Asks: 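Structure in structure tokens, see below.
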Amino acid sequence: MLETFLALLFGLLIGSFLNVCIYRMPEDLSVVRPRSFCPACKHTIPWYDNIPLVSYALLGARCRWCRTRISARYPIVEALTGALFAWIVFMRSVTPLAAKDCLFAALMVGLIFTDLEQRILPDEFTLGGALSGILIAVWVPMDRGLISYLLPYSWSPRMVSVVDAAASALMISLLMWAVGAAYLKLRKREGLGLGDVKMIATAGAFLGLEGALLMLMIGSVLGSVVGYAYIRIARKDPSTYELPFGSFLGVAALGIALLRLSAAP
């Protein structure tokens, strides 16, 4: 239980950092300096007003100085990241595989909310995530999938794992790009951005080809059903409304990762 509690605390801190990234990355601002500040009045936020979840509650969801309402996204991201980290460590204990799962969860949370708010999928999360997944495959073996069975038996498990992660990222992203290009040619407007292509590459590097394909299918269904319902309820123009497809892909990815945890021996 101590490990799970510590994972929860660590996840809350990572969630707080993700909030900084979600706000600053789309604005091309450094996520390191300056220190956290109120987006409305630009006043530097002291450490005691920057405690995950606690400060939001104590401040009544308002800035101490200008009284501007603080977005509910801040505690949601912190709580979600903390809960994911705690559940992963509870199921996997403190292991390299748990660390890999926590990194993937953090990347998906960051991408979900950045796309939802700004319609941007930052390269730091997508390309950086794909590269991280491939590098981590050196030490944390990928689940054996179709690609691994096509590789020579003489290759070491470590080599098979790395090639599987890299090939999965490349193949699924090329498929995604091809679908987007076909849609553009047929409909004369962009249906998928390069950010979505890069995001699916991250999923391939972490989940493998089969997992990324499943993420793509589930995310597409979610985007179609929920997106269509929102457009109708909010009375948006379907021809101009930009659907945050990356957010639906991220939700699907987290669902698949959690299902794999439940199925783990």
Side-chain angles (χ1 to χ4, degrees), residues 14-15 17-28 31 73 77 80-81 84 100-137 142 145 147 164-184 190-227 241-260:
I14 294 298
F17 177 69
L18 286 176
N19 276 319
V20 174
C21 296
I22 292 166
Y23 173 75
R24 296 191 185 188
M25 282 181 178
E27 302 292 333
D28 288 326
V31 299
R73 182 253 294 166
V77 168
L80 178 59
T81 309
L84 287 169
K100 176 181 177 179
D101 287 345
C102 285
L103 174 59
F104 182 66
L107 289 169
M108 291 301 108
V109 170
L111 287 167
I112 287 170
F113 286 92
T114 306
D115 197 37
L116 194 61
E117 284 193 4
Q118 304 288 345
R119 300 299 191 271
I120 291 176
L121 297 169
D123 287 346
E124 292 87 348
F125 285 147
T126 55
L127 294 180
L131 180 60
S132 298
I134 295 170
L135 292 176
I136 291 172
M142 295 278 289
I147 293 177
D164 193 343
S168 296
L170 179 62
M171 291 174 67
I172 193 66
S173 58
L174 286 176
L175 173 63
M176 190 82 160
W177 176 84
V179 170
Y183 184 91
L184 177 61
E190 190 176 82
L192 293 172
L194 283 178
D196 299 314
V197 175
K198 297 170 189 175
M199 181 178 182
I200 201 74
T202 301
F206 278 88
L207 301 177
L209 182 60
E210 293 85 347
L213 282 170
L214 184 58
M215 167 188 166
L216 180 56
M217 289 188 290
I218 296 174
S220 299
V221 172
L222 282 175
S224 299
V225 175
V226 178
Y241 180 72
E242 186 179 357
L243 190 73
F245 186 48
S247 297
F248 295 106
L249 288 176
V251 170
L254 288 178
I256 292 169
L258 291 175
L259 283 175
R260 287 189 171 189

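The residues of the chain are indexed from 1 along the displayed sequence. What you are looking at is a predicted structure, and each value in this text was computed from that prediction instead of being measured.
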Asks: Mind listing the closest non-hydrogen atom pair of Lys100 and Met142 along with its distance?
Replies: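 Taking Lys100 first and Met142 second, the nearest heavy atoms are NZ-SD, 3.6 Å.
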Asks: Is the shortest heavy-atom distance from the side chain of Pro122 to the side chain of Ile22 under 4.5 Å?
Replies: no
Asks: Residues two or more places apart in sequence or in another chain: which of them pass side chain to side chain donor-acceptor pair (under 3.5 Å) with Glu117?
Replies: Arg73
Asks: What distance separates Leu249 CG from Leu254 CG, expressed to the nearest 0.5 Å?
Replies: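 It comes to 11.0 Å.
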Asks: Rounded to the nearest 0.5 Å, what's the gap from CD on Gln118 to CD on Glu27? Could you check?
Replies: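 CD of Glu27 is found 6.0 Å from CD of Gln118.
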Asks: Going by the side chain to side chain donor-acceptor pair (under 3.5 Å) test, which pairs reach into residues 198-207, not counting sequence neighbours?
Replies: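 Non-adjacent pairs meeting side chain to side chain donor-acceptor pair (under 3.5 Å): Asp123-Lys198.
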Asks: Sequence neighbours left out, what pairs pass salt bridge (Lys or Arg N to Asp or Glu O under 4.0 Å) with at least one residue falling in residues 169-183?
Replies: none
Asks: For Ala201 and Ala169, work out which heavy atoms get closest and say how close.
Replies: O-CB, 3.3 Å
Asks: List for me each residue that meets salt bridge (Lys or Arg N to Asp or Glu O under 4.0 Å) alongside Asp101, sequence neighbours excluded, and say none if there are none.
Replies: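 Listed in chain order: Arg92.
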Asks: Roughly how far, to the nearest 0.5 Å, is the CG atom of Leu175 from the CG atom of Leu170?
Replies: 11.0 Å
Asks: Can you list everything that forms a side-chain contact (heavy atoms from CB on, under 4.5 Å) with Thr81? Sequence neighbours excluded, please.
Replies: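 Ile14, Leu18, Val77, Phe85, Val109.
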Asks: Sub-3.5 Å donor-acceptor pair from the side chain of Asp115 to the main-chain atoms of Leu121, do we have one?
Replies: no
Asks: Please report the closest heavy-atom contact between Pro26 and Thr114, naming both atoms and the distance.
Replies: CG-CG2, 3.7 Å
Asks: Between Phe104 and Met108, does a side chain to side chain contact (heavy atoms under 4.5 Å, CB included) hold up when you go through it step by step?
Replies: CA-CA 6 Å; Phe104 182 66; Met108 291 301 108; 3.7 Å; yes
Asks: Would you mind listing every side chain to side chain donor-acceptor pair (under 3.5 Å) that reaches into residues 124-134, with sequence neighbours excluded?
Replies: none
Asks: By side chain to side chain donor-acceptor pair (under 3.5 Å), which residues pair with Asp164, not counting sequence neighbours?
Replies: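 If we apply the side chain to side chain donor-acceptor pair (under 3.5 Å) test to Asp164, skipping adjacent residues, the hits are Ser168.
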Asks: Only pairs under 3.5 Å count here: list side-chain donor-acceptor contacts from residues 203-224, not counting sequence neighbours, and write none if there are none.
Replies:
residue, atom, partner, partner atom, Å
Glu210, OE2, Leu146, N, 2.6
Ser220, OG, Leu216, O, 2.7
Ser224, OG, Ser220, O, 2.8

